[in-house]
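Each chain gets a letter, A, B and so on, in the order its sequence line appears, and its residues count up from 1.
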There are 2 protein chains.
Amino acid sequence: MADPLPQDPANRTRRSRPFHVADAIKDWVVERGLQPGDRLPGEAELIERFGMSKGTIREAMRLLQAQGLVETKTGPGGGSFVGEVTRERATALLGNYFYFRDVTIDDIYQLRIALEPMLAARLAGHLSEAQLAELEAIMEDYARPAADAEEERRQHVASLRFHARLSDFGDNALLGFFIGFMAQILTDLTVYKRLYTSPNHDLWEKGRRHQTDLIAALRHGDGARAREIMQSHMEMARDLMEAQQAEVLKRFIAE
Amino acid sequence: MADPLPQDPANRTRRSRPFHVADAIKDWVVERGLQPGDRLPGEAELIERFGMSKGTIREAMRLLQAQGLVETKTGPGGGSFVGEVTRERATALLGNYFYFRDVTIDDIYQLRIALEPMLAARLAGHLSEAQLAELEAIMEDYARPAADAEEERRQHVASLRFHARLSDFGDNALLGFFIGFMAQILTDLTVYKRLYTSPNHDLWEKGRRHQTDLIAALRHGDGARAREIMQSHMEMARDLMEAQQAEVLKRFIAE
DNA sequence: AAAACCGATTTGTCATGATAAATACAAGCG
DNA sequence: CGCTTGTATTTATCATGACAAATCGGTTTT
């Protein structure tokens, strides 16, 4: 009676049971080297293995689901499975962190200016023709100058997809994620305080030429030139955002 | 009785109820501009407001807890509260994403070499004497050369804390997080395949002089010099890690 | 042979109640 | 008077069990 749940003497049993179970399952996945798609024990089995109630086990699974580490399916052949954390989910979860913090457009561009040229230089000469074609296909979405502010916004999102896609092509997962994350913020959480009724034709043309030149440099394996072009492109983008008085919204990124 | 909860006809009720509730609470936080520490409705009230059972509501809260968006406390005055997502939690959640992906030491240093010198340059002349003193205090942990491999490892972790702390001092939250995240990976998930019985005395001295010189440059507001030093420091660190054949482990980052 | 149906299986939801933890506040003690 | 110590109360936490929804495989019907 004195000891309800001794377990470990020096243990911080502070964290509640669902957290404890979630950690145990995480460890289990690491130990056995489970891969995405692999089966996890079913609800009933976990209840027995941990000697806890259904509710507790289910709450533990929800904790893991929120992190994207497990997925569950109903029906025969259903159950819990190891889930690969998607880029989208990781982006949303990291976005939560910045929700209460102030991230400015300037903060983002400081990083983009440092990272994107580096990526471009590294990618030069290492892209397949299919990948280059995909980039060119994205550019079709803004092949014509925007007619109004709404279309300009749409084109801007498309051009961000250009950068997000480019970031996927590299072999540096860390760099790719960081760049993609910033593109996502700019796509989802940015609002322009000053909208021009007539979009800037010069800047559209200049930005587009940057990207065509960039693709050419990437195709010919000219890393130095790719870096140079991307640098100019980023600086121009920053100036444009500044002119439009773009701001980062306080919202959560949807998955 | 016939209609338990029609809600929206064209609604994607695919996602289960706890997810739905979690999203609703997120929206609620955004709409009302709630800040960390602010009260959320208690369990009982949520049960009534959403017309759902206790278990469903609790699972929803677990989803939010896993993201670090809410905290719950028992007792009088307890309940659910908006929680600030801590850097530690965001780091752990993002770490999950990279669990199944290959991140190499080289990937990390490519980024560190690009970002840390930039941070150093920006920080020059903008640090308080207290902040500079804190950095100097951290350096005390490796004021003497390591006697064995174990102590060298400990010193390495301490020197990473130097960089993590430095990243907090900037006003760019994005940059600060990225740098801190990489420091965390190097601290928690790195193992050295080749350990020298006698630690390299020259490198220890060189690294230490880098940091003292860096602090001097920061104090005197010499941004160009700070960048230069940090660049050398990072390149040296990369070479050292390479010589030790450091590798990133497949583990989850503990909170 | 295609479509509709059925039944087994597994998670998802609901309802209720007992238990444990944390706090506020008052009473007791030095 | 200040400090500790109970104790009541509020709240989340844990447990149990029944029922609903989804899904898959095989079977029957058309």
Requested in this report: For the residue pair A/Phe98 and B/Phe177, categorise the inter-ring angle as parallel (less than 30°), tilted (30 to 60°) or perpendicular (more than 60°).
Outcome: perpendicular
Query raised in the report: To the nearest Å, how far apart are B/Arg39 CZ and D/dT10 C1'?
Result: 10 Å
Query raised in the report: Hey, what's the ring geometry for B/His156 with B/Tyr192, parallel, tilted or perpendicular (30° and 60° as the breaks)?
Result: tilted
Query raised in the report: Is a donor on one side and an acceptor on the other found under 3.5 Å between the side chain of B/Thr187 and the backbone of B/Ala183?
Result: yes
Query - A/Glu48 CD to D/dT16 C1', straight-line distance once rounded to whole Å - result: 16 Å
Query raised in the report: Quick one: the side chain of A/Lys73 and the base of C/dG12, do they pair up donor-acceptor inside 3.5 Å?
Result: no
Report summary line: Taken to the nearest whole Å, CZ/A/Phe19 to C1'/D/dC14 is 15 Å
Query raised in the report: Ignoring hydrogens and angles, are the base of D/dT13 and the side chain of B/Lys54 linked by a donor-acceptor pair under 3.5 Å?
Result: yes
Query - Any A/Arg17 side-chain nitrogen or oxygen under 4.0 Å from OP1 or OP2 of D/dA15 - result: yes
Requested in this report: Assign B/Gly75 to base, sugar-phosphate, or nothing according to its heavy-atom contacts below 4.0 angstrom with the strands shown.
Outcome: base
Report task. Report the distance from atom CD1 of B/Ile47 to atom P of D/dT13, rounded to the nearest whole Å. Result -> 12 Å
Requested in this report: To the nearest Å, give me how far apart CE (A/Met52) and P (D/dG17) are.
Outcome: 18 Å
Query raised in the report: Quick one: is D/dA15 close enough that its OP1 or OP2 comes under 4.0 Å of any side-chain N or O from A/Ser53?
Result: yes
Query raised in the report: Within the distance-only criterion (no hydrogens, no angle test), does the side chain of A/Lys54 pair as donor or acceptor with the backbone N or O of A/Glu43 below 3.5 angstrom?
Result: no
Query raised in the report: Once you round to the nearest 0.5 Å, how far does OH of B/Tyr97 lie from CZ of A/Phe181?
Result: 12.0 Å
Query raised in the report: Any donor and acceptor pair, going by atom type alone, linking the side chain of A/Thr190 with main-chain N or O of A/Ile185 inside 3.5 Å?
Result: yes
Query raised in the report: Any sub-3.5 Å donor-acceptor pair from B/Gln67's side-chain atoms to B/Leu63's backbone N or O?
Result: yes
Query raised in the report: Whole Å only: how far is the CZ atom of B/Arg15 from the C1' atom of C/dG12?
Result: 15 Å
Report task. Give, ordered by number, those residues of residues 56-72 of chain A having at least one heavy-atom distance below 4.0 Å to an atom of DNA chain D; if nothing qualifies, reply none. Result -> A/Thr56
Report summary line: Note: for A/Pro76 and B/Ala44 on DNA chain D, the residue whose nearest nucleotide lies more 5' is B/Ala44
Query raised in the report: Given atom NE2 of B/His20 and atom C1' of C/dG12, what is their separation to the nearest angstrom?
Result: 15 Å
Query raised in the report: So what does B/Gly42 touch, heavy atoms closer than 4.0 Å: a base, only the sugar-phosphate, or nothing?
Result: sugar-phosphate
